[in-house]
Protein chains: 2
Amino acid sequence: MPLNRRIPEATVARLPIYQRLLLELVGSGTGTVSSEQLAAMAGVNASKVRKDLSFLGSFGTRGSGYEADFLLSQIDRELGLDHDWPVAIVGIGNLGRALANAPGFTSRGFRVSALFDVAPELVGSRVRGIAIRHLDDFEEEVASDPPAIGVIATPAADAQSVAERMVQAEIRAILNFASRVLAVPPGVLLRDVDLSIELQVISFHLSHRHEAGAPPAGSQLAMGPVLGSLGLAHIER
Amino acid sequence: MPLNRRIPEATVARLPIYQRLLLELVGSGTGTVSSEQLAAMAGVNASKVRKDLSFLGSFGTRGSGYEADFLLSQIDRELGLDHDWPVAIVGIGNLGRALANAPGFTSRGFRVSALFDVAPELVGSRVRGIAIRHLDDFEEEVASDPPAIGVIATPAADAQSVAERMVQAEIRAILNFASRVLAVPPGVLLRDVDLSIELQVISFHLSHRHEAGAPPAGSQLAMGPVLGSLGLAHIER
DNA sequence: CTTTGTGAATAATTTCACAGCG
DNA sequence: CGCTGTGAAATTATTCACAAAG
């Protein structure tokens, strides 16, 4: 068991998929699960599942498979979902509200700790029990319960200034849903999501579907929304 | 100019990024742009940009760069954004509304052609001028203006049945935002987006930031939300 | 007899480095 | 000269195939 301490990025990108599947399986009482089953559910092939899981350690039992709840706990640990990550969301429009309510934002490791907007009619109302604060009070509010992750769901024009205030407030990781390339200093982890990139990838495949009948390579395991960010987004030291 | 007629999937995933950057550049009056500039904005390196663009043809001018508007038109053509793709969105909650209003869903190739929900208080109201119809009328409504792409933004529990109705209605491509693995027949292009996957990837990097100071490989150009889908999602012939 | 874990083989992607064109 | 376009090299990711464990 060599246990490489460097997990390939491609594997990291798939761990959340396995995590979610295992959550469902454990929830519905599954005891053990094979790489074959996981692979079918994830839409990948079984050796990829085994290879991915082998980077975490040897948690399977030959002849029977993986114990679902134990495997889940190992993946959670590897993904850092056994920590508590307070998440602040700025921009409580439709998208911000959707994020605040998304199961993935409110369970297993993540806790929506603060909501901000500038619209007077929003400030003071609550989403899932959390009061929306005015962005003017951002620094003050986050001081008491410093968020680990900042989510930007503002109009594009406001995104950069929000990012700067997040950085100023010592937030080390930013998830950016605004369609705007952001500059952040080295040391800040920035990831951009563009909701429409998948639409364009679909458009590509639709308009090429007649040429050469090969199934699109990314079909089963989709490459998700991607948006370029200024090349500054790495974790320091 | 060999002009490989098979564009790597990794390149296809980046074309929307270049597309969006070029839109901005053209909008702000830029005439020519170098691979170096595009690379800096996209957060990738210059040879990757040149390699990516070379799959579309030789559109650059040595010594000066690429003519922004011409390059944009070539990328649009390659991505199929010169077609008109009617998009039907089912589930007009916060997420559905956010999608209906997203710039990427309403410009360049895409046209939100129909909105569906089951909530009586929503049916009849309009989002960006498009009336929300009751899901019961789905088949009838889409018959008159058949959507090329169906977007599922419903609660997880409803996603599968919506997918089946879309397939029945001859929709060949589905973009699924529900956190639920969907089964679709071969021939239907299915892509899943999970809004929280990036959050988990961030969590991974945050909780590993102390070990070995290497910048996370996916930092500059983020791998986006990904969710496994049942292995059925390919375009036929 | 089943299913994991993993080296080895293959394939895809990225990066390098430079010839060649404007 | 400056910058593209692209083979070749390096790196990363996937798949194969099978020995070993339960």
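Numbers restart at 1 for each chain; the letters A, B, ... are given by sequence-line order, proteins then strands. Both backbone and side-chain heavy atoms feed into the values below; hydrogens, waters and symmetry mates do not.
If you measure from atom CD of B:Glu9 to atom C1' of D:dT12, you get 17 Å, rounded to the nearest angstrom. Between the CZ atom of B:Arg50 and the C1' atom of D:dG2 there is a distance of 11 Å, given to the nearest Å. Rounded to whole Å, atom C1' of C:dA11 lies 15 Å from atom CZ of B:Arg6. Rounded to whole Å, the distance from CG on A:Asn45 to C1' on D:dA13 is 12 Å. Rounding to whole angstrom units, CG of residue A:Leu15 and P of D:dA13 are separated by 13 Å. Atom-to-atom, CG of B:Leu71 to P of D:dC3 comes out at 16 Å; the value is rounded to the nearest Å. In this structure, the CG atom of A:Leu53 is 10 Å from the C1' atom of C:dT4, given to the nearest Å. The distance from atom CZ of B:Phe59 to atom P of C:dG22 is 16 Å, rounded to the nearest whole Å.
Nearest nucleotide to the side chain of B:Lys51, out of C:dT13, D:dC18, D:dG7: D:dG7. Relative to the side chain of A:Ser54, the nucleotides D:dT6, C:dG5, D:dT15 differ in distance, and C:dG5 lies closest. Nearest to the side chain of B:Tyr66, among D:dT4, D:dT15, C:dG5, sits D:dT4.
Contacts of A:Ser35 classified as side-chain hydrogen bond (donor to acceptor under 3.5 Å, both in side chains), with partners at least two apart in sequence or in another chain: A:Arg50. Every residue was checked against the ring pair (Phe, Tyr, Trp, His ring centres under 6.0 Å) condition with B:Phe105, not counting sequence neighbours, and none meets it. Here B:Tyr18 pairs with B:Asp52 under the side-chain hydrogen bond (donor to acceptor under 3.5 Å, both in side chains) rule; sequence neighbours left out. Partners of B:Arg108 by salt bridge (Lys or Arg N to Asp or Glu O under 4.0 Å), not counting sequence neighbours, listed by chain and number: B:Asp76. Every residue two or more places apart in sequence or in another chain that forms a side-chain hydrogen bond (donor to acceptor under 3.5 Å, both in side chains) with B:Arg77 is listed here: B:Gln74.
Sequence neighbours left out, not one pair with a member in residues 60-70 of chain B passes salt bridge (charged side-chain N to carboxylate O under 4.0 Å, His left out).
Within residues 31-38 of chain B, the residues that have a heavy atom under 4.0 Å from DNA chain D are, in order of number, B:Ser34, B:Ser35.
Among the atoms of the strands shown, base atoms are found under 4.0 Å from some heavy atom of A:Ser47.
Here the two rings, on A:Phe70 and A:Phe59, have centers that are under 6.0 Å apart.
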Can you give each donor-acceptor pair under 3.5 Å made by side-chain atoms of residues 37-44 of chain B, sequence neighbours left out, with the distance rounded to 0.1 Å?
| from | atom 1 | to | atom 2 | distance (Å) |
| --- | --- | --- | --- | --- |
| B:Gln37 | OE1 | B:Ser34 | N | 2.9 |
| B:Gln37 | OE1 | B:Ser34 | OG | 3.4 |

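OP1 or OP2 of C:dT14 lies within a sub-4.0 Å distance of a side-chain N or O belonging to B:Arg14.
Partner of B:Thr154 under the side chain to side chain contact (heavy atoms under 4.5 Å, CB included) criterion, out of B:Asn176, B:Val90, B:Leu95, B:Ile89: B:Val90 alone.
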Polar atom pairs between nucleotides 20-22 of chain D and protein, under 3.5 Å, N or O only, would you list them?
| from | atom 1 | to | atom 2 | distance (Å) |
| --- | --- | --- | --- | --- |
| D:dA20 | N3 | A:Arg62 | NH1 | 3.0 |
| D:dG22 | O4' | A:Arg62 | O | 3.4 |

